[in-house]
Amino acid sequence: MSVLSLNNVKKSYKLGDGSEFPVLKGINVSFDKGELVSIIGESGSGKSTLMNIIGGLDSKFEGEVLVDGKNIGAFTEKELDIYRKNKIGFIFQDYNLLPSLNVWENIVLPLGLDNKKVDDNYVMVIIKTISIEDKLKNLPNALSGGQKQRVAIARALASRPSIILADEPTGNLDSRTELEVIALLKTCVTKYGQTLVMITHDET
Ligand code: ADP
Ligand code: MG
């Protein structure tokens with residue numbers, strides 16, 4: 001059964017001069033539990049736009065996004081908030097780390113927001129897999145681009161969300177770390193039955 005399906009999703013951006021710029025022109029796709037799906041497309045083709053809609057960050061679209069059979073387009077702000085916190089782990093292309101919180105705090109922040117008990121063991125497994133255990137007290141501005149990306153990955157995975165949305169999650173990593181991150185994401189799918197939707201430029 002599909003956890004997530006899109007029916008005829010359309011999205012245009014309104015430009016400064018009042019005109020509409022169409023980006024998504026009727027997307028139909030569905031994702032199963034425990035499925036890994038890659039979205040490949042050239043820069044500017046609307047991949048991040050699609051992710052923002054699926055992730056409940058942009059509710060100005062036409063068509064339906066059904067999650068467990070419920071249309072998120074009809075959610076109130078509060079329902080959307082709960083959806084984002086409980087269902088979705090979002091790995092942002094530009095990381096979106098909070099600058100005043102250290103690495104550990106950034107990673108467990110979504111858990112704290114939701115008053116979920118932090119599963120320290122699980123979070124540490126993620127942290128060790130992506131090799132940032134010696135940076136937990138650093139603030140984001142004291143990290144390299146690749147390290148920030150790894151923190152963003154750990155944060156998205158920490159709550160073990162049923163749907164992981166990853167917007168070019170390995171774009172800033174060296175090839176060894178990239179392999180480890182991909183292996184970790186695959187484990188999420190195979191071992192924990194999470195659904196992974198990943199934007200990538202890398203066809204391999
Ligand atoms: P991708 O992630 O595939 O590179 P995006 O989804 O970020 O592409 O953008 C798709 C298109 O929409 C691009 O042409 C981009 O310039 C345009 N776009 C993105 N955000 C906005 C916005 N807020 N207002 C107007 N145009 C936008
Ligand atoms: Mg993008």
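Both ligands and their constituent atoms are indexed starting at 1 by order of listing. Residue numbers count from 1 along this sequence.
Within the listing of ligand 1, atoms 4 (O) sit less than 4.0 angstrom from a heavy atom of S43. The ligand atoms of ligand 1 that sit less than 4.0 angstrom from a heavy atom of F21 are 11 (C), 12 (O), 14 (O), 17 (C). The distance from ligand 1 to the heavy atoms of V23 drops below 4.0 Å at these ligand atoms: 10 (C), 11 (C), 12 (O). Here is the list of ligand 1 atoms found below 4.0 Å of a heavy atom in S48: 1 (P), 2 (O), 6 (O), 7 (O). Every atom of ligand 1 with a heavy atom of T49 under 4.0 Å away is listed here by number and element: 5 (P), 6 (O), 9 (O), 10 (C).
For atom 15 (C) of ligand 1, no protein heavy-atom neighbour is found at a distance under 4.0 Å. Protein heavy atoms are found less than 4.0 angstrom from atom 23 (N) of ligand 1.
In terms of N/O distances under 3.5 Å, ligand 1 is approached by S45. For ligand 1, none of its N or O atoms has an N or O atom of L15 under 3.5 Å away.
For a distance threshold of 2.8 Å, the protein N, O or S atoms nearer than that to the Mg ion (ligand 2), listed by chain and number, are S48 OG, Q93 OE1.
Linking Ile, Leu, Val, Met, Phe, Trp and Tyr residues whenever their side-chain heavy atoms come within less than 4.5 Å leaves V37 and I182 in two separate clusters. Cluster membership for I164 and F92, using ILVMFWY side-chain heavy atoms within less than 4.5 angstrom, is not shared.
Heavy-atom contacts from other residues, nucleotides or ligands closer than 6.0 Å to CD of E20 number more than 12.
Remark: distances from the non-hydrogen atoms of G41 to ligand 1 are all 4.0 Å or more.
Salt bridge absent: K78 and D81 never bring a charged side-chain N and a carboxylate O closer than 4.0 Å.
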